Amino acid sequence: MLLREYVPQRLKDAWRAEFNQLHQGSMTVSECAVRFSDLARHASALVATVQERVCRFIEGLILNIRLSKARELEMNIAYQHVVGIARRLEGMLTWDREEREAKRSRESGTYNCTCAPAAAHQGRGYMGRPVHSTLPVASYAPATTRP
């Protein structure tokens, strides 16, 4: 009530314009939800019903999350429930992106055939000294003569 009486109309108009242009962009879903709620107080006529509020919030999310939220647009779901679902989707998308990047970096690495010294393998089930073969020496090997 106090806000309506003492805030200049141009400031209220600026808040409504910002609300109309609000998109998630580089913000997290949580940051976007906080900003959305702050601005929605000044644009209550634009989101008079729960359905309008949910619809407007979903429209401002990034495409990957927005596409996953089509069902919530059809249902009468509380705004906080939609925000919670969007946060979980954001977390899954972030995890998926990190997994793909990690896999890509593992696959793009080069294979190096150099072996670590035997001392580095001790204590890990490897032998610390070379293993000699029990196979017979080939018959065509030149014989060494002793002086």
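Keep in mind it's a predicted model, so treat the numbers as computed, not measured.
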From I62 atom CD1 to E90 atom CD, the distance as rounded to the nearest 0.5 Å: 6.5 Å

Nearest heavy-atom neighbours spanning I65 and Q24: CD1-OE1, 4.2 Å

Lys/Arg cation over aromatic F19: R41, 6.0 Å, 45° cone: no

Approximate separation, where rounding is to 0.5 Å, of S44 OG and R53 CZ: 10.0 Å

Any donor-acceptor pair under 3.5 Å from R66 side chain to L61 backbone: yes

Pairwise distance CZ(R16) to CG(L11) - rounded to 0.5 angstrom: 10.0 Å

Nearest atoms (heavy-atom pairs only) where R56 meets N20: NH2-O, 3.2 Å

Ion pair check, R10 and D13, cut-off under 4.0 Å: no

R88 (side chain) donor-acceptor with V83 (main chain) under 3.5 angstrom: no

Check: E18 main-chain N/O paired with Q21 side-chain donor or acceptor under 3.5 Å: no

Check: T49 main-chain N/O paired with E52 side-chain donor or acceptor under 3.5 Å: yes

Spatial distance of atom SG (C32) from atom CZ (F57) [nearest 0.5 Å]: 5.0 Å

Verify same cluster id: V47, V34 (apolar side-chain graph, 4.5 Å): no

Inter-residue atom distance L89.CG - L67.CG, 0.5 Å rounding: 11.0 Å

CD on E101 to CD on E99, rounded to 0.5 Å: 10.5 Å

Minimum heavy-atom distance between V54 and A78, given as atom pair plus value: CG2-C, 4.2 Å

